[in-house]
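What follows is a short report on a single structure.
Order of the sequence lines sets the chain letters (A, B, ...), proteins ahead of strands, with each chain counted from 1.
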2 protein chains.
Amino acid sequence: MAIGRPSPSSSQTPDPGAARRSSRARGIPEATVARLPLYLRALTALSERSVPTVSSEELAAAAGVNSAKLRKDFSYLGSYGTRGVGYDVEYLVYQISRELGLTQDWPVVIVGIGNLGHALANYGGFASRGFRVAALLDADPNVVGSTAAGLPVRHMDELEEIVATQHVSIGVITTPPGAAQQVCDRLVEAGVTSILNFAPTVLTVPDGVDVRKVDLSIELQILAFHEQRKAGDEPSAGDSVLDRAPGPVRAAAAKLRRAAGGKAEPAKAAPTAKGGPDDDLSAVMPA
Amino acid sequence: MAIGRPSPSSSQTPDPGAARRSSRARGIPEATVARLPLYLRALTALSERSVPTVSSEELAAAAGVNSAKLRKDFSYLGSYGTRGVGYDVEYLVYQISRELGLTQDWPVVIVGIGNLGHALANYGGFASRGFRVAALLDADPNVVGSTAAGLPVRHMDELEEIVATQHVSIGVITTPPGAAQQVCDRLVEAGVTSILNFAPTVLTVPDGVDVRKVDLSIELQILAFHEQRKAGDEPSAGDSVLDRAPGPVRAAAAKLRRAAGGKAEPAKAAPTAKGGPDDDLSAVMPA
DNA sequence: TAGATTGTTAATCGATTAACAATC
DNA sequence: TAGATTGTTAATCGATTAACAATC
């Protein structure tokens, strides 16, 4: 592979340090930013029920966090509450919306219109938050020309023009993993500076471009890890005595296996590691 | 609302403390667990290319993290590397798979077969990681009986029997938000102990049940926050002089607004807060 | 042996939390 | 005033990172 030290901000996982630093410029930690949408959602529900004010305790419960954290989070935004009373719901909705940049319109392009692209195009939560689907794009001639969520699917060739004329700064990638980096490069070249990536691939982008990823498979794997522990912590089917042994013994065993040219438990590793097309989304999303 | 202090482990965001504590029992921090799937994906790609060994530097680059973090992560699993050489790819694939619980079969039910449910049913990354779709379920008679990804969509009434007979411990919720808690309750009652929630709702579950959420809208909002900052940090359209003023002045302004019974900038807050059905996924997923 | 690379240590940093003074 | 609730402080905890001794 011979890959040099990666630039911290050029990998798919946005460099937490960079994000923190930039947020800290105005004093809002990244962890707080990630919770603001939760608060906003809970506040919007209260607003629709015409609830005028809410305490940190009530709002925290509705958002699923504890109240100390919520108050700390809000303290980064300013002093928007009233001691002894609570927070004005409408005012807080507005302030958080503004802080998140939701008081402006964000045109978005979605690239790769398979089932997932369809689902996103139809997602009501986008429009109600200031996100507007500027265009649906696909490279497959069989898909181009069809409609999804009332919008025509346009060809990738139009990407550059659409991004330029509609001032698109956010792109959503729902292509198969093999196409994702290439699509990403074109988006960035066209002027997109924020990317939401659903393809299970690490994307490389230049400094100044933010990438967030949503990975369906990873979430399930994390659940499986905890599920495994709940099951009584008895050794799983794949466990061997050596695997449970103290570090030095395991290490020695590993070396023995390597020395013997042997793949450790290959028959057991194979089913999960190579059971199918690795993370292929082509069944979901046309190329 | 009058909601009592929420039990830390009963909210949708899995109590990080609890997760950490349980992981720490065997010494694996939650942040490390969340990265294991990334390493596994990179290793699987190397395995398919028949690469025998890999250094921490190379693997870290492929996974999009730095090598110190990767070595630290691996140190929680044991000593699986060889100094001066690197890691045996096949052996590491097996060890990480085992640690994550992927050497066993995980039957999964998906509830709510709209576009998103379809996309997930078709997602190749599941099957190749030991996750097997045990059943697709929906409450809508018009959807029940159709097929998705070659599987029949079955009625919610069959949920309990399916979970019991097929030993399902993981459920995926892709219903509209209004149905999510009810579906969650039924899943838990039937014996499911891990839930992946795509509905934009906070789920309440008993102790011992893990919930992870994937929230499309929240990811976009976080991108918008950073995008807003890139745009030169000039005041956005919604800013007023008071909103930019020091804390005490802002607070005073808030109080004045409240005293006047006035909603702050209602015309500006309204479009984003109430533009459409809030987070309604019904266009995406049939009830 | 000499070069390469791991596994671990220790310092640093950010996030969480409880507690409480400030103040409505 | 008395009760309620915010905003902030300070302690604690987990995560990250660089550096390097161990060792292949």
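Of the possible polar contacts, none joining the A:Glu57 side chain to the A:Ser67 backbone as a donor-acceptor pair under 3.5 Å is found. Between the B:Ser97 side chain and the B:Val93 main chain, a donor and an acceptor come within less than 3.5 Å of each other.
With rounding to the nearest 0.5 Å, the separation of NZ in A:Lys213 from CD1 in A:Ile195 is 14.0 Å.
The base of D:dT5 does not come close enough to the side chain of A:Arg83 for any donor and acceptor atom to sit less than 3.5 Å apart.
Distances from the side chain of A:Pro29 to the nucleotides C:dC24, C:dA15, D:dT6 place C:dA15 closest. Counting only heavy atoms from C-beta on, B:Glu30 has its side chain closest to D:dA15 among D:dT6, D:dA15, C:dT8.
By the 4.5 Å heavy-atom criterion applied to side chains, B:Leu216 and A:Val172 are not counted as neighbours.
The side chain of A:Ser56 contributes an N or O atom lying less than 4.0 Å from OP1 or OP2 of D:dT6. Between B:Tyr87 and C:dA4 there is no side-chain N or O to OP1 or OP2 distance below 4.0 Å.
A residue-by-residue look at A:Ala31 and A:Gly84 shows that A:Ala31 has its nearest nucleotide of DNA chain C further toward the 5' end. Mapping A:Arg35 and A:Arg71 onto DNA chain C by nearest heavy atom places A:Arg35 at the nucleotide closer to the 5' end.
Distance, B:Lys69 NZ to D:dA19 C1': 17 Å, rounded to whole Å. In this structure, B:Asp73 atom CG and D:dT16 atom P are separated by 7 Å, rounded to whole Å. Taking atom CG on A:Leu70 and atom P on D:dT5, their separation rounds to 14 Å, with Å as the unit. The distance from atom NZ of B:Lys72 to atom C1' of D:dA15 is 10 Å, rounded to the nearest whole Å.
Results of the ring-ring contact (aromatic ring centres under 6.0 Å, His included) test with A:Tyr80 over A:Tyr87, A:Tyr91, A:Phe74 single out A:Tyr91 as the only residue that passes.
Using the Watson-Crick or G-U wobble rule with both distances under 3.5 Å, D:dG14 pairs with C:dC13. D:dC24 is paired with C:dG3 under the criterion used here, namely a Watson-Crick or G-U wobble arrangement in which both key atom distances are under 3.5 Å.
When heavy atoms are screened at a 4.0 angstrom cut-off, B:Ala68 is found touching base atoms of the nucleic acid.
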